[in-house]
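I have placed the structure first, in the form of structure tokens, so that the comments after it can refer back to it.
We use all heavy atoms of the structure for the numbers below, so side chains are in, but hydrogens, waters and symmetry mates are not.
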Amino acid sequence: MTIYLILMTLLLIITINYNNISNKNRTYIFCFFVAVIFCMASFRDFNVGCDSLQYATMFYRESYERRDYEVGFSKLIDTLRLISDSHISLFVVSSIIIIIPLMIYVKKNSINPIFSIYLYITLNYFAMHMNVMRQAIALGLIIIGLYLHERNKSMIRYMIFNSIACVFHYSAVVAFFLPLLYRRKLSIKNYLIILLFVILFIPFAYEVFAFVASNLSYIHYDEYVSSGAINFSKSNYCGAVLKAMLSACFFVLCYCLFLNNKVANDENINFYTNCLFITLLIHIISTQAVVLERFVIYFDWVTIVSLPVFIFKNNNRKQKITYFIFITIITSAHWFVIALFRPEWHKAVPYISIFNR
């Protein structure tokens with residue numbers, strides 16, 4: 001846990017003093033922290049991350065033994081085995097695909113990229129990306145497509161990268177419509193109507209997803225469908241509720257700042273707001289069907305970019321400080337609660353590197 005505490009403390013100190021740092025030094029500092037989290041992800045022990053041991057084991061198996069995995073991921077392993085005999089090469093290359101595109105996007109779009117890295121850690125996206133490797137690789141490819149789309153308005157390039165993402169994890173198919181979220185601006189009335197329909201659907205969510213899961217015989221999705229009854233003793237149920245509360249908090253805060261004209265109205269703001277809302281909807285339904293958590297990864301990552309944008313574009317200094325303190329407290333509390341009481345969710349704490357097994 002020590003390395004996380006040191007990172008979080010340094011990130012907060014620099015965030016507070018960010019405006020007093022020159023642009024050149026900001027870039028150096030940002031690159032330093034990106035290098036740190038990249039090295040942590042690349043050279044972690046296979047016991048860090050719930051699925052790391054599984055992926056490390058798969059690295060040493062033949063292609064036919066990986067037939068349950070998507071073809072893109074299997075071919076990536078085949079290619080890496082031509083140049084390396086260690087699973088660490090898989091961790092390194094996957095970290096490049098996962099972390100570098102995300103951090104480039106953060107550097108381009110976040111008002112305070114250092115605070116974005118802080119959120120990346122405290123909201124456990126970093127831990128999750130060391131866990132769900134195939135989906136995280138798919139997300140990295142999708143972010144490359146979004147970056148190109150924002151620069152060149154090229155739907156074709158985005159579709160190409162999204163198609164490649166699908167061969168690493170089939171769930172990436174839900175991200176094909178992401179570019180549409182840039183131009184679709186919804187009113188508070190639209191959001192409330194959609195939210196009402198989702199809430200009305202909740203009593204039937206368990207039965208619907210249990211039926212769907214029972215027919216997906218090639219993947220054991222039925223393991224991810226939680227009980228239809230409210231049960232706070234279940235770890236997964238508590239997690240879904242906690243995430244729903246957090247996502248509701250972030251969406252309401254950002255949308256209220258948007259309504260009060262604290263931030264400029266542009267396509268990126270539409271994209272962030274819509275993604276935050278979809279994240280909220282997924283987390284609400286996930287209280288009854290945890291399988292949907294597999295899809296939220298393609299939407300919730302914008303939180304680490306959107307929160308700094310909505311907070312630090314606020315011209316009211318008092319409000320800016322208040323919102324910053326509030327977000328810092330709840331995200332830090334979120335990280336500590338999971339690290340201390342639910343470490344099995346990600347198995348990222350304690351952190352163990354390959355150098356100190």
Side-chain angles (χ1 to χ4, degrees), residues 34-35 37-46 48-61 63 65-84 86-106 117 120-121 123-149 157-176 178-179 219 275 291-305 346-348:
V34 171
I37 61 175
F38 170 76
C39 289
M40 288 178 65
S42 298
F43 303 110
R44 69 186 187 271
D45 184 76
F46 51 67
V48 176
C50 298
D51 297 336
S52 294
L53 177 59
Q54 176 184 349
Y55 290 125
T57 303
M58 284 298 108
F59 180 86
Y60 300 104
R61 293 185 177 177
S63 297
E65 296 179 284
R66 291 184 252 110
R67 57 182 176 271
D68 290 337
Y69 289 91
E70 292 82 358
V71 62
F73 185 73
S74 183
K75 292 299 181 183
L76 174 63
I77 292 178
D78 289 337
T79 302
L80 292 176
R81 288 182 62 177
L82 296 175
I83 59 177
S84 173
S86 173
H87 69 274
I88 297 301
S89 61
L90 176 61
F91 287 1
V92 171
V93 172
S94 62
S95 297
I96 291 174
I97 303 174
I98 296 166
I99 294 175
I100 302 305
L102 176 59
M103 289 300 123
I104 290 175
Y105 189 95
V106 164
I117 298 178
Y120 184 55
I121 295 174
L123 291 175
N124 279 311
Y125 297 144
F126 176 53
M128 182 176 64
H129 291 171
M130 290 192 292
N131 187 359
V132 290
M133 184 186 295
R134 286 147 50 225
Q135 275 190 285
I137 290 175
L139 175 62
L141 294 168
I142 288 169
I143 291 174
I144 294 175
L146 288 173
Y147 181 82
L148 296 175
H149 173 71
R157 293 180 182 179
Y158 175 76
M159 291 301 178
I160 290 173
F161 277 96
N162 201 342
S163 298
I164 299 173
C166 288
V167 303
F168 282 91
H169 204 282
Y170 298 132
S171 64
V173 68
V174 304
F176 270 109
L178 279 180
I219 298 178
C275 281
V291 64
L292 282 186
E293 292 288 340
R294 284 179 165 260
F295 302 104
V296 77
I297 188 174
Y298 304 112
F299 305 98
D300 64 355
W301 64 273
V302 304
T303 305
I304 70 173
V305 179
H346 303 293
K347 291 188 178 179

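Checked by atom type and distance alone, the side chain of N131 pairs as donor or acceptor with a backbone atom of D51 at under 3.5 Å. In this structure, S94 contributes its side chain and L90 its backbone to a donor-acceptor pair below 3.5 Å. A side-chain donor-acceptor contact under 3.5 Å links N162 to the backbone of A175. Remark: the backbone N or O of R61 is paired with a side-chain donor or acceptor of R81 at under 3.5 angstrom. Remark: the backbone N or O of F91 is not paired with any side-chain donor or acceptor of Y55 at under 3.5 angstrom.
Residues I142 and A165 approach most closely at CG1-CB, 3.9 Å, considering heavy atoms. In terms of heavy atoms, F43 sits closest to V92 at CE2-CG2, 4.1 Å. Minimum interatomic distance between G140 and P101 (heavy atoms only, all atoms of both residues): O-CB, 3.6 Å. Taking all atoms of both residues into account, the shortest heavy-atom contact from F46 to S52 is O-CB, 3.3 Å. Contact detail for F73 and Y69: the closest heavy-atom pair is CD2-CD2, 4.0 Å.
At a threshold of 4.5 Å between non-hydrogen side-chain atoms, the residues H87 and L80 do not count as touching. Residues I98 and M130 fail the side-chain proximity criterion, which asks for heavy atoms closer than 4.5 Å. Proximity of L76 to I137: side-chain heavy atoms (C-beta onward) are separated by under 4.5 Å at one or more points. Side-chain contact between Y298 and Q135: present, with at least one pair of heavy atoms (C-beta onward) separated by less than 4.5 Å.
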_Steps toward side-chain contact (heavy atoms from CB on, under 4.5 Å) verdict (H129, I297)_ = CA-CA 9 Å; H129 291 171; I297 188 174; 4.1 Å; yes
TODO: For side-chain contact (heavy atoms from CB on, under 4.5 Å), just list the numbers for Y158 and L146, CA-CA rounded to whole Å, side-chain angles, deciding distance to a tenth of an Å, and then say yes or no.
DONE: CA-CA 6 Å; Y158 175 76; L146 288 173; 3.6 Å; yes
With side-chain contact (heavy atoms from CB on, under 4.5 Å) as the criterion, how do I144 and Y105 come out once you've worked through the C-alpha distance, each side chain's angles and the decisive distance to 0.1 Å? CA-CA 8 Å; I144 294 175; Y105 189 95; over 6 Å; no
Output, in order, the C-alpha distance, side-chain angles, deciding distance and verdict of side-chain contact (heavy atoms from CB on, under 4.5 Å) for F168 and I97. CA-CA 12 Å; F168 282 91; I97 303 174; 5.5 Å; no
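Within the model, atoms CE of M128 and CG of D300 stand 5.0 Å from one another, a figure rounded to the nearest 0.5 Å. F161 CZ to H149 NE2: the interatomic distance, rounded to the nearest 0.5 Å, is 14.0 Å. Separating the CD1 atom in I143 from the CG atom in L178 is a distance of 10.0 Å, to the nearest 0.5 Å. Distance check, rounded to the nearest 0.5 Å: CG of L102 to OH of Y147 gives 13.0 Å. Note that CD1 of I99 and CD1 of I37 are 5.0 Å apart. Values are rounded to the nearest 0.5 Å. How far CD of E293 is from OG of S171: 12.5 Å, rounded to the nearest 0.5 Å.
Residues that satisfy the ring-ring contact (aromatic ring centres under 6.0 Å, His included) test with F126, not counting sequence neighbours, are Y120.
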